[in-house]
There are 2 protein chains.
Amino acid sequence: MRLTPDEMRMRFRERGLKMTPQRAAIYQALAGTVSHPTAEDLHRHVRRQHPMISPNTVYYTLGVLREAGLVHEVNYWHDRSRFDANITPHHHLVCLGCRSIQDLTDEALDRLSVSGRLKGGFEVTGHRVEFHGYCSTCCRAGRHLSRPDHRRHR
Amino acid sequence: MRLTPDEMRMRFRERGLKMTPQRAAIYQALAGTVSHPTAEDLHRHVRRQHPMISPNTVYYTLGVLREAGLVHEVNYWHDRSRFDANITPHHHLVCLGCRSIQDLTDEALDRLSVSGRLKGGFEVTGHRVEFHGYCSTCCRAGRHLSRPDHRRHR
DNA sequence: TCCTTGTTAGGATTGATTCCTATATAGCAC
DNA sequence: GTGCTATATAGGAATCAATCCTAACAAGGA
């Protein structure tokens, strides 16, 4: 969803982050989509407002936002990194056909825990569930019937 | 676990794969560990028996084995790809300190399904659960107290 | 307004992975 | 076994997302 300048300023302040026009644009772009864009996608988008912004700044900013907990990074199926400004607990539906990622909210999944004997005292801090399959578009296109080539497409 | 030559030959045959000494060594190495090695780890290991084997062959072979369903690829936290010859249903414990990956077998987790309204007819073919936290070694080292730098270590 | 520290742009670099291609070999038919 | 064909291998070149380096710049506090 779209954030007011004040709302955004507060979120940055709370975490001790400096606010710059570039950062605002990157975070706003990410908060305004549900499509889990790549760094490159974001750079392309933000460049409309900031023609001189470098990819480097996008990478650096995403790193800062990630460490501050303002964005999450997902990286399923060895695609390049994708980012998500939705930091409420949720899970993902990953399409094996077009590699799109949809959010999935499901409280039962949020409550999972390791029932078994934890081997050697592993201390769990969180979890996430990823369902994979084929989105409606890929189903209609029959893409769930064909096997992708074993060579990767970049 | 260690495979007999016949067992391995059968698995390859069933899937229409040619058997070569290099492939046997790579698959044997992967089947003989629980450590989810990288392609480079496997190359280093296999090179003891096959000094001339190229990284390329390891990548190519892992791609073939992956498409044949003989190995799984996991790639959490934007580390490089890691491989797993355990293709029975299981989940993973990912250490945020040292990035090690442990298998987790838990039938309750295998039976998860999407309870909510599936947005737009997504057809689920599988799922996996990833718990993250800190392994016992990293806990003892106090690594769960410090925050990793936001810059990535390769 | 000044200062300090973190941020930006841009260019160079890294490094896992893939591409290209000539040679070698597995598996099949005879 | 011998020969044939399709596929695998080795090695070198190329790709490209991501990171490193650095000089100029600007946000936020004093």
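Below, read A as the first sequence line, B as the second, and so on, with proteins coming before strands; counting in each chain starts at 1.
In this structure R111(B) satisfies the salt bridge (charged side-chain N to carboxylate O under 4.0 Å, His left out) test together with E107(B), sequence neighbours excluded. Here H90(A) pairs with H92(A) under the ring pair (Phe, Tyr, Trp, His ring centres under 6.0 Å) rule; sequence neighbours left out. The salt bridge (charged side-chain N to carboxylate O under 4.0 Å, His left out) search around E40(A) returns R44(A), R80(A), not counting sequence neighbours.
Look at OH on Y59(B): it is 15 Å from C1' on dG11(D), rounded to the nearest Å. Here dT18(C) presents its P atom at 11 Å from CD of E67(B), a figure rounded to the nearest Å. Counting to the nearest Å, the C1' atom of dG28(D) and the CZ atom of R23(A) are 12 Å from each other.
Considering only side-chain N and O atoms, T61(B) lies under 4.0 angstrom from the phosphate OP1 or OP2 of dT9(D). Between Q22(A) and dA26(D), a side-chain N or O to OP1/OP2 separation shorter than 4.0 Å is absent.
Note on the helix from dT1(C)-dA30(D) to dC30(C)-dG1(D): terminal axis deviation equals 50°, with five pairs used at each end and the result rounded to 10°.
Residue-level contact check: T38(B) touches neither bases nor backbone, having no heavy atom under 4.0 Å from any strand.
Side-chain polar atoms of H36(A) and D41(A) form no donor-acceptor pair below 3.5 angstrom. The closest side-chain donor-acceptor pair between R47(A) and H50(A), if any, does not fall under 3.5 angstrom. For the residue pair E73(A) / S81(A), a side-chain donor-acceptor distance below 3.5 Å is found, with atom types taken as modelled. In the model, N86(A) has a side-chain atom that pairs as donor or acceptor with a side-chain atom of T88(A) under 3.5 Å.
The side chain of S54(B) sits closest to dG11(D) out of dA17(D), dG11(D), dG10(C).
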Notebook entry, point to check: Reading nucleotides 24-30 of chain C from the 5' end, what letters show protein touch, with B for base, S for backbone sugar-phosphate only, - for no heavy atom under 4.0 Å?
Noted result: --BSS--
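Applying the side-chain hydrogen bond (donor to acceptor under 3.5 Å, both in side chains) test to residues at least two apart or on different chains, the pairs with a partner in residues 24-33 of chain A are R11(A)-Y27(A), T33(A)-S35(A).
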